[in-house]
Q: 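Quick one: the structure is below, and I'll ask about it shortly.
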Amino acid sequence: MSPAKKKNSDAYLRMYRQMARIRAFEDNANQLYLSAKMPGLTHMYSGQEAVAVGICEALQTTDHITSTHRGHGHCVAKGAEFKPMFCELLGKEEGYCRGKGGSMHIADQTNGNLGANAIVGGSAGIATGAALSARQLGTDAVTVCFFGDGALGQGVLYEVMNMAALWKLPIIYACENNLYGEYTKVEEMAAGALCARAQAFGIDAFEVDGQDVLAVNKLTQDLVAKCRAGQGPFFVQLNTYRYHGHHVGDINRTYYRSKEEEADWRDNRDPITNFGAWLTQEKLVSPDELDAIRDEIAKDAKAAVDYALAAPYPAISEVDMHVYAHSA
Amino acid sequence: MSPAKKKNSDAYLRMYRQMARIRAFEDNANQLYLSAKMPGLTHMYSGQEAVAVGICEALQTTDHITSTHRGHGHCVAKGAEFKPMFCELLGKEEGYCRGKGGSMHIADQTNGNLGANAIVGGSAGIATGAALSARQLGTDAVTVCFFGDGALGQGVLYEVMNMAALWKLPIIYACENNLYGEYTKVEEMAAGALCARAQAFGIDAFEVDGQDVLAVNKLTQDLVAKCRAGQGPFFVQLNTYRYHGHHVGDINRTYYRSKEEEADWRDNRDPITNFGAWLTQEKLVSPDELDAIRDEIAKDAKAAVDYALAAPYPAISEVDMHVYAHSA
Amino acid sequence: MRKITLSQAVNEAIAEEMRRDETVFLMGEDVAEAGTPFKVLSGLVEEFGTGRIIDTPISEPGFVGMAVGAAMTGSRPIVDLMFGDFLFLVMDQLCNQAAKTHYMSGGKLNVPMVLRTNLGATRRSAAQHSQSLHALVAHIPGLKVALPSSAYEAKGLMKTAIRDNNPVVIFEDKLMYQDKAEVPEDEYLIEFGKANILRQGSDVTLVATSSMVQVAVKAAEILADEGISAEVIDPRTIVPLDEETILASVRKTSRAIVIDEGHQSYGITAEIASRIAEKAFYYLDAPVLRMGAMDVPVPFSPALEDLTVPTAKGVADRARAIVRGDKANAA
Amino acid sequence: MRKITLSQAVNEAIAEEMRRDETVFLMGEDVAEAGTPFKVLSGLVEEFGTGRIIDTPISEPGFVGMAVGAAMTGSRPIVDLMFGDFLFLVMDQLCNQAAKTHYMSGGKLNVPMVLRTNLGATRRSAAQHSQSLHALVAHIPGLKVALPSSAYEAKGLMKTAIRDNNPVVIFEDKLMYQDKAEVPEDEYLIEFGKANILRQGSDVTLVATSSMVQVAVKAAEILADEGISAEVIDPRTIVPLDEETILASVRKTSRAIVIDEGHQSYGITAEIASRIAEKAFYYLDAPVLRMGAMDVPVPFSPALEDLTVPTAKGVADRARAIVRGDKANAA
Ligand SMILES: Cc1ncc(C[n+]2csc(CCOP(=O)(O)OP(=O)(O)O)c2C)c(N)n1
Ligand SMILES: Cc1ncc(C[n+]2csc(CCOP(=O)(O)OP(=O)(O)O)c2C)c(N)n1
Ligand SMILES: [Mg+2]
Ligand SMILES: [Mg+2]
């Protein structure tokens, strides 16, 4: 292989692996919930992997992301490890947030993930502030703000997009349009075209197939470079689909979407299957190698789950720790 | 005069009179402030008269408006009387709000004015709710939501425009672009084109000369008819100018806008002068008649001010009345 | 008498009022076909249609603001706020607009709206889905605040709320949706500002709200076994607050503990305790104790979360201590 | 010593900290050339430029949210919220996000930001520009809340706030901006959680916050003329609250009145009074009294507005009554 091809192929395999890791993580999380081993509930990212991975692979560790209630995928894609993630989901001390945040607040500041957020649209301000901070501090960090189509209902998003546009901040608003907000279709919640809502502020907006990791990655690389050159902000609408219910408990969902629709996305538009097929077709990897990757990931995930299940809870004395940070 | 011309001419003279009434009201309010007879402070509408009058003349008493901190003009235009208005500004019992609201909360529910609002953008929800209410109750009432260019910064406006668009509510969003929000230019506060912010939700948006009462009135008549026919909502950007400072205390303002700019608007684009000139030119009225109208209004205003100055304050027992409405 | 869940009770109350009064409508996220995530409103859209059970976008400030405007113009909206934590998003509409309109207009405009939402932790929902924020709205004049503590209470208070001519915020306890209680088939209302004495007692008064009423009742049972007689009072509404019933009880028992699931500091227990301590001062044999939730964001971890909320055992322990004249808490 | 206004004191504090620490910046509406409507920040943009003194659109939720994100990523933003009443607009960003981030992240993320705003009525600004809403934020764990009562306090508390690693809400009293006090030229900080005893006394403790500190001091002067000795305590920060200093005083005086300009019900006076009543119970000779603002939206009319806020005469009257053993307030 030529060095360039090799380099690309490394990146491709990393993206494949990262998507597979997200899927494996979610399958295990779902299992934990179904077997009543996980407290609370959680929102599965399965089906949307190409969005998080395509975007985060275009970022540096020092770049920031903000995430959502459906945040495991973003967390893995930005570089997190399975063990502290599962520990967090189970409320264990070794979790990324010492068990205090859980699925809806998982954050990983070492990799620039400023955290999931249980308020829809709640991270729009935080993300835009991180972009402002980069400008204030003179770093070249770019921020990606992930949010769902439903978050377009939150007014604060328009406030911060306006400021980002006025001040040319290095931020990408990544709108994951998975067609539903909870149990309601996007058309019933959003008048007009989604991209128009950013264009109204003079922000360049792009629509991309969120099931195509390479398309997502390519567009993001371009936009990140432009952001670093002071040409931000940008808005990207990523068309995608969540395979599971809104949350793990949303089992009977035919009243808001059909089984046919679900099957169509799973069978024909799966980002991992399709990317895997392309990789083998292009002879960048053999089907066996891909199987091996997935097997290895499955083992990793299983080991992390077992570890997390056995890991200790935080000491009860932690309950009133971390309410306030120490000041100098 | 032909009946049609007579009818038009009646309407024209009413609009002239209403604009002159607003100007007279504001001149007196300003005087009250400067002579320290008025408590608190207030925001003058002078210069923007054609907006309120052009719009409100296209409405019925049963239609609703919501107003802003700069609300005297909307109040007069929607049918309010001088005496209870001045009483309100002076905190007297005979004020529209028994002196409890004051300039920034003046309301006149008998004429469908749901009130001024001291929260920028604060009436966007109320106005849109009034439009929803009309639909729920099956009336044909239309609502006009007045707000300034500065209110485009408030996210809630986008939330309710989206719902108005989704549900085709009978509402007109009337954005009075007087070029400044307090001491800051609109370009520094708003990225992109103002109308685009409504168009993003699929709302038809119009830009009109807010100094031309006939243009404003004609457009509004059209949009009100469409709203009644179920074709709302609409957005109108009215380009206009406030002659005074942001509030009565904002005297030295050359640091944010030039005296030349102010003079240009006053001298060349005054809505009352220009409309008066057109009326006389079209021989619909003589200059003397216009002078007589203004004199009469000046007398009315003076009488109302004197009345209000002498009127009693609410009894101190009122202080804890009206916190809660009686329930059946 | 038949028993129904709190969820059914709320559903019935809304349905009855919507049948009675055409101007009542309901709006919120996923309230129609989905019947809310807690399924409390299931079936309403089938009866009343999407014209009166209205699904909204995820725009809490927007639709609460719209409810204010609708209420000012002849409608009687009920707004569904999916989690009490989202109150923070709608405070301006609720507190600057809804609460003040009647007063600011000199009594000329009314805002007859209901905001139904919920409170309560220990569901492993973490810090942004577990708060009990009723103290915030109770502090704002112009709002009424109701805290039903059972299915019976929920139905009667909801019906009264819908008929009230003021903005009413009603908090349901998320953990109680499946709890059943006797609820008459015949119509009834529960007057605002009249506390409910759930249990008579002579040694100590337990004033408890919402989710903590059951905790107080259980504590009273524990204490009864030990020969200590606790009176349990549920204020039902904290605005208006039935001070008289509470004071009368404390004048009799000479001791009081106030229990609430909101954060303790600057919360509900402070107001009620300080009124007791001031107005029943000469009757008190012991300091009035307060038991609120810990002053920490609600932690996700099950190992931590349950520590943050008062328990029946905790209440019984403290009641026992003051009844036995233990001065440990006083300096 | 030189005397400067509260307005200058705040300005100096911010300027000094911005010189000291490059990561500090300030954002808000009309903060740059205009220097805010109260002119508190005049001159800062000339020294620090529009890169660090940033004019924003009228988007309070947006820019407070941005401050949270900036604070999480190495900056130390100061946010200017023009009126305390606008807190209702930013509660989600402040209470769901800023307050909880450190805890939810298990201590890994910090939010060192300052929200400076104001409180206070009697300016004829009516119901939406006159509120004193500090009780709302004091109820939310994770926020600190400072209430300067003079130019001296304002400077010291502001500097401490900027250096604190947590979100701090600091409320200035609008009526006090032009009030002068002695302020040293040399740098000083005022520690959070340490109350200030403004006046020693033996008969009654007056605990007063912000605008009410002057009222309490005047009441103490009136009382002194009558031979009644009042101790005046300013907690300075209500979160953290210096309970010990307050309790020590009440143990000495045996009587207390708590005075605050927020609405009385479910407000600051409730928390402080109930702590005193509980923890100094055996020392009290009279009920702890509370004097907050009336539970009404602030009326515009001058004839009504002044009635809603505690006055020095009112405080003196009540203090006199309890010192003289008047049981009128107790049932
Ligand atoms: C402010 C707010 N309102 C409502 C909710 C409840 N809620 C959680 S997720 C969700 C749907 C979000 O839809 P979308 O943004 O499209 O994200 P998706 O779940 O599809 O990934 C809702 C309504 C919330 N968490 N926060
Ligand atoms: C939510 C809110 N933020 C800030 C203010 C302070 N304020 C009052 S008027 C005003 C400017 C409003 O500008 P615009 O909407 O253009 O109206 P104009 O004064 O030009 O008529 C500001 C910032 C306010 N009243 N409400
Ligand atoms: Mg979605
Ligand atoms: Mg303007």
Side-chain angles (χ1 to χ4, degrees), chain B residues 64 66 88 93 95-102 104-110 112 114-115 117-119 121-137 139 141 143 154-164 166-167 169 314 318 320-328, chain C residues 22-25 27 51-52 54-77 79 89-90 92-93 96-113 141-144 160-161 163-168 191-192 239-240:
Chain B
H64 291 116
T66 61
E88 191 57 37
E93 186 189 334
Y96 273 116
C97 308
R98 305 187 68 81
K100 286 179 169 170
M104 284 207 290
H105 303 289
I106 196 158
D108 170 15
Q109 95 291 358
T110 54
L114 299 178
N117 209 304
I119 302 297
S123 71
I126 292 170
T128 312
L132 174 63
S133 196
R135 197 190 69 177
Q136 297 301 118
L137 302 173
T139 76
T143 301
Q154 293 284 319
V156 68
L157 179 66
Y158 303 92
E159 299 190 2
V160 298
M161 286 201 298
N162 181 44
M163 285 184 268
L166 281 173
W167 304 337
L169 297 182
E318 280 230 16
D320 59 2
M321 272 171 59
H322 305 131
V323 181
Y324 294 98
H326 296 292
S327 296
Chain C
E22 285 204 335
T23 66
V24 178
F25 71 91
M27 65 198 302
R52 290 178 73 194
I54 305 173
D55 269 344
T56 64
I58 310 173
S59 303
E60 290 84 359
F63 64 72
V64 171
M66 287 173 67
V68 180
M72 286 165 71
T73 53
S75 295
R76 300 184 83 87
V79 177
L89 285 160
V90 306
D92 178 60
Q93 302 298 328
N96 273 333
Q97 310 296 347
K100 296 180 172 47
T101 294
H102 186 68
Y103 191 85
M104 291 193 308
S105 70
K108 292 183 185 160
L109 292 163
N110 287 350
V111 186
M113 65 180 269
L143 302 177
K144 296 187 179 180
T160 302
R163 296 189 195 184
D164 199 286
N165 284 331
N166 298 283
V168 178
E191 195 181 341
F192 282 5
V239 181

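Numbered from 1 within each chain, the chains take letters A, B, ... in sequence-line order. A quick note: this is a predicted structure, and the numbers were derived from the prediction, not measured.
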Q: Does any backbone or side-chain atom of His64(B) lie under 4.5 Å from a heavy atom of chain C? Answer side chain, backbone, both or neither.
A: side chain
Q: Given that the side chain runs from C-beta out, which part of Leu166(B) has a heavy atom under 4.5 Å from chain C: side chain, backbone, both or neither?
A: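 The side chain, not the backbone.
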Q: What residue, out of Leu157(B), Asn162(B), Thr139(B), Asn117(B), has the most heavy-atom pairs lying under 4.5 Å from chain C?
A: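 Counting heavy-atom pairs under 4.5 Å, the top option is Asn117(B).
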Q: For chain B, find which of Thr101(C), Thr23(C), Asn110(C), Ile54(C) contributes the most heavy-atom pairs closer than 4.5 angstrom.
A: Ile54(C)
Q: What pairs with His105(B) under side chain to side chain contact (heavy atoms under 4.5 Å, CB included), at least two apart in sequence or on another chain?
A: Ala118(B), Met104(C), Ala126(D), Gln128(D)
Q: At a heavy-atom separation under 4.5 Å, does Glu22(C) approach chain B through its side chain, its backbone, both, or neither?
A: neither
Q: On a heavy-atom basis, which atom in Arg163(C) and which in Ser327(B) lie closest, and how many Å separate them?
A: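 Shortest heavy-atom contact: O-CB, 4.4 Å.
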Q: Against chain B, label Val168(C) side chain, backbone, both or neither, depending on which of its atoms sit under 4.5 Å from a heavy atom there.
A: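 Contact with chain B is absent: no heavy atom of Val168(C) under 4.5 Å.
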Q: So how far is it from Glu318(B) CD to Tyr103(C) OH, rounded to the nearest 0.5 Å?
A: 8.0 Å
Q: Specify which of Asn165(C), Val68(C), Leu109(C), Ile58(C) makes the most heavy-atom pairs with chain B at under 4.5 Å.
A: Asn165(C)
Q: Measure Thr56(C) against the heavy atoms of chain B and call it side chain, backbone, both or neither at under 4.5 Å.
A: both
Q: For the residue pair Ser75(C) and Gln136(B), what are the closest heavy atoms and their distance?
A: OG-CB, 4.2 Å
Q: Heavy-atom distances under 4.5 Å only: say whether Phe192(C) touches chain B with side chain, backbone, both or neither.
A: neither
Q: Are the side chain of Gln109(B) and the backbone N or O of Thr73(C) linked by a donor-acceptor pair below 3.5 Å?
A: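 Looks like no, no N/O pair under 3.5 Å.
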Q: Do Asp92(C) and Gln154(B) have side chains that get closer than 4.5 Å, going by heavy atoms?
A: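 They are not in contact (no side-chain heavy atoms under 4.5 Å apart), so the answer is no.
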Q: Within 45 degrees of the ring normal and closer than 6.0 Å to the centroid, is that where the cationic atom of Lys108(C) sits relative to Tyr96(B)?
A: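 Pair Lys108(C)/Tyr96(B) does not count as cation-pi.
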Q: Got a sec, which residues hit salt bridge (Lys or Arg N to Asp or Glu O under 4.0 Å) with Asp164(C), two or more places apart in sequence or on another chain?
A: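 Partners of Asp164(C) by the salt bridge (Lys or Arg N to Asp or Glu O under 4.0 Å) criterion, ordered by chain and then number, come out as Lys144(C).
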Q: Would you confirm whether Tyr324(B), through its side chain, and Leu143(C), through its main-chain N or O, come within 3.5 Å as a donor-acceptor pair?
A: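 Yes, Tyr324(B) side chain to Leu143(C) backbone: donor-acceptor pair under 3.5 Å.
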Q: Find the distance between CG (Leu169(B)) and CE (Met66(C)) and round it off to the nearest 0.5 Å.
A: 5.5 Å
Q: Check each atom of Asp108(B) against the heavy atoms of chain C and say whether the ones under 4.5 Å are side chain, backbone, both or neither.
A: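 The answer is neither part of Asp108(B).
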Q: Heavy-atom cut-off 4.5 Å, strictly under: side chain, backbone, both or neither for Leu114(B) against chain C?
A: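 Both parts, backbone and side chain.
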Q: Between Met321(B) and chain C, with a heavy-atom cut-off of 4.5 Å, which part of the residue counts as in contact: side chain, backbone, both or neither?
A: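 For Met321(B), the backbone is the part near chain C, not the side chain.
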Q: Which atoms form the tightest heavy-atom contact between Gly62(C) and Glu159(B), and what is the distance?
A: N-OE1, 2.7 Å
Q: Counting only non-hydrogen atoms closer than 4.5 Å, does Ala127(B) touch chain C with its backbone (N, CA, C, O), its side chain (CB onward), both, or neither?
A: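 Neither; nothing under 4.5 Å.
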